[in-house]
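Within every chain, numbering begins at 1; the chains are lettered A, B, ... in the order of the sequence lines, protein sequences first and strands thereafter.
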2 protein chains.
Amino acid sequence: MTIRTVAADAGVSVAAVSKVLRNAYGVSDGLRAKVEASIEKLGYRPSVAARGMRGQTFTLGVLLVEIANPFLPSVYHGIESVTDEAGYKIMVGVGAARAGREAQLIEQMIDNRMDGLILVASQISGDTLDRYARQIPTVVVGHHEPTASSFDTINSDDFEGARMVVRALYEAGHRDIAMLAMDDKHDHAADVSPQREKGYVAAMAAAGLTPRVIRVPPSNQPREAELRALLAAPDRPRAVFCWSDLDAVPLLNLAHQMGIRVPEDLAIVGYDDSPVAALPLISLASVDQDGRRMGRMAAQALLSRIGGRAVAEHRLITPRLVVRGSLQGG
Amino acid sequence: MTIRTVAADAGVSVAAVSKVLRNAYGVSDGLRAKVEASIEKLGYRPSVAARGMRGQTFTLGVLLVEIANPFLPSVYHGIESVTDEAGYKIMVGVGAARAGREAQLIEQMIDNRMDGLILVASQISGDTLDRYARQIPTVVVGHHEPTASSFDTINSDDFEGARMVVRALYEAGHRDIAMLAMDDKHDHAADVSPQREKGYVAAMAAAGLTPRVIRVPPSNQPREAELRALLAAPDRPRAVFCWSDLDAVPLLNLAHQMGIRVPEDLAIVGYDDSPVAALPLISLASVDQDGRRMGRMAAQALLSRIGGRAVAEHRLITPRLVVRGSLQGG
DNA sequence: GGCGTTTCGTATACCGTTATACGTCAATCA
DNA sequence: TGATTGACGTATAACGGTATACGAAACGCC
């Protein structure tokens, strides 16, 4: 069952069928009708692989850091809502939060002749990204590279989000505010955690307070010991801002287990406003990045880039603090 | 940069390079060394698309019902651990819990010349699955079709899991035990929810109790109203077994909000043992399906099927009840 | 009516691999 | 020694589409 089968059935040439498939120029209504009837009758479906060897595949690759991260579904749904309408398909690659793994997946997607790539929270360095982006239209979400010229970036304003948290904690009367940041051994200043850290430090300084950053291993590693140590320490802070709900939710639970009252003894604010944070029993204050919107914008940027735009676009979305019980009792 | 570039650089024929790439017969050590040196030097990567036109793509498709479902990551990781070693790549398709969407994705994966497919919790009917499975090696996870001959199935013993829950609730002294099942308008008895329902009904009958099944809309639709109505009803049951944590977690939170004590006034047991259930503040008893193991078994089955096995294999894994605070106070 | 100009359809080179058929040469065998 | 066998490389026809070049009508214009 190939394009040749269809051509024979419709009594036309192979090229004619191809033209109909591609909406190419030079097809009469009569021809189109004949061909479409045959396609329908035979249930023919063109091979993406063969198609990709010369033309477009109409398939986009989406790379997610980690499948268990609760923030990613919203971004994915945002992307999908846009690409669906435009008639593009999506293939997802899951990179276990390791840069090597991600590079492998990107290459795989290039090998599969995808038309474009959206990388969500990639841990790959700017230089490497740049090299890949020259080979395939690319949009990066959740990775700050505002000067990149070969790809677009869509980000939440992580600096501002952290400042909002510090200000809210300050207004709630807290002065002893610590931050839980991801221990980034690769020192990628472009990642979201360091950005939030900068915002935190700046806001603390602006309020005349001394910043105190505590680093924990990344989320794909166990880190309960570190959290427990923090809570048991004699100089336990009165408020903790966590770079992600992935840390804030376990911290909140651990505090509860250890008999520490939240927020009376310890206020906690997370980041991402994941579904778990919103559960009444958890009630974790958190920063909402509006992942859906970021996904939509990323997809739009990618489509326009595939459409020919060459000059890079860098967007920053202002986040929103969702106040809940872990910040303000009630 | 094609196979021809490499051939020219190494001073050999295109066929020779192809042979080296495929580990085919008739390659001397000297030739192999020359070719591999050129590949390394040029950084050549074969095109999967072109490769797929005649040979294998070494890429497997994994279809997930819904990206936000917290049970799926464990299955995915299980699959990955096996396929990684075997040198296969994975592409993920996300089907928004709609059969039409899933069919579309399956076709897309066939179009992309994937070597095999793993469908996780697919909602597609047995007949349709059968039609696709004839075109491409297929393994189905979380969908009971024990008589299917064209594809393999890997399932948790949902019937037994439900019975375990009823027995545990019975032993805890409960008699008024209801079940929250998914409202399956398509009436797919093969899905997991109806299987659990059967196990529940059987166990209730065995204990001499009257079953009481309450149906709620599927998880991609809002269903807070139904849950709230259940809790507010004058004949509110004393224990509820939920077909999934996706319902049990909101129910638990709602009960707490409405001042209903868990488990004193209402015992709740979920299914899937998702990460949220294990949080101390939630402490939801749940049935653990061991998704990781199911994923591993699915991948192994698929590889052996790709390897030539034609007779279908149907595996049933015994689940395990994880007792927590929502079932037994302490 | 002769001459460009569209419009429409066909023939076919090409995309980057794989796999088969085949040729060459040295080693082995009767 | 001539024939057979294996080992190793090469040439090349697929694979299933796309896109370009091109031919044949139909059309518009003076």
- What does V17(A) touch in the nucleic acid at a heavy-atom separation under 4.0 angstrom: a base, only the sugar-phosphate, or nothing? nothing
Computed from five pairs at either end and rounded to 10 degrees, the angle between the axes of the helix from dG1(C)-dC30(D) to dA30(C)-dT1(D) is 40°
Rounded to the nearest 0.5 angstrom, the CZ-CZ distance for R293(B) and R315(B) is 9.5 Å
ask   = Checking all strands, does S18(A) fall into the base, sugar-phosphate, or nothing category for heavy-atom contacts under 4.0 angstrom?
value = base
message: If you go through the side-chain atoms of R51(A), does one of them form a donor-acceptor pair with the base of dG16(D) closer than 3.5 Å?
response: no
- Under 3.5 Å, is there a donor-acceptor pair linking the side chains of H143(A) and D191(A)? yes
Review point. Is any side-chain nitrogen or oxygen of Y25(B) closer than 4.0 Å to OP1 or OP2 of dA7(D)?
Key: yes
- Query: With sugar-phosphate meaning primed atoms plus P, OP1 and OP2, does S47(B) contact a base, only sugar-phosphate, or nothing at under 4.0 Å between heavy atoms?
  - Reply: sugar-phosphate
Note to self: Once you apply a heavy-atom cut-off of 4.0 Å, does V27(A) come out as touching a base, just sugar-phosphate, or nothing?
What the structure shows: sugar-phosphate
Pick base, sugar-phosphate or nothing for R32(A), based on heavy-atom distances below 4.0 Å to the nucleic acid. nothing
Per side chain to side chain contact (heavy atoms under 4.5 Å, CB included), L60(B) is matched among I306(B), V139(B), I118(B), V92(B) by I306(B)
Of the candidates dT17(C), dG17(D), dT10(D), the side chain of P46(B) sits closest to dT17(C)
Among dT10(D), dT10(C), dT17(C), the one nearest any side-chain atom of V14(B) is dT17(C)
I3(B) CD1 to dG16(C) P, in whole Å, measures 11 Å
Within the sub-3.5 Å range, which N or O atoms of nucleotides 21-25 of chain C have a protein N or O partner, and how far apart are they?
none

Residue set satisfying side-chain hydrogen bond (donor to acceptor under 3.5 Å, both in side chains) with D115(B), at least two apart, ordered chain then number -> T57(B)
message: Is R22(B) close enough to dA19(C) that one of its side-chain N or O atoms is under 4.0 Å from OP1 or OP2 there?
response: yes
Of the candidates dT18(C), dC8(D), dG16(D), the side chain of M53(B) sits closest to dG16(D)
Worksheet item: Does the side chain of N112(A) reach to within under 4.5 Å of the side chain of M91(A), using non-hydrogen atoms?
Response: no
ask   = Taking only side-chain nitrogens and oxygens of S28(A), does any of them come within less than 4.0 Å of OP1 or OP2 of dG9(C)?
value = yes
Of the candidates dG16(C), dA19(C), dG17(D), the side chain of T2(B) sits closest to dG16(C)
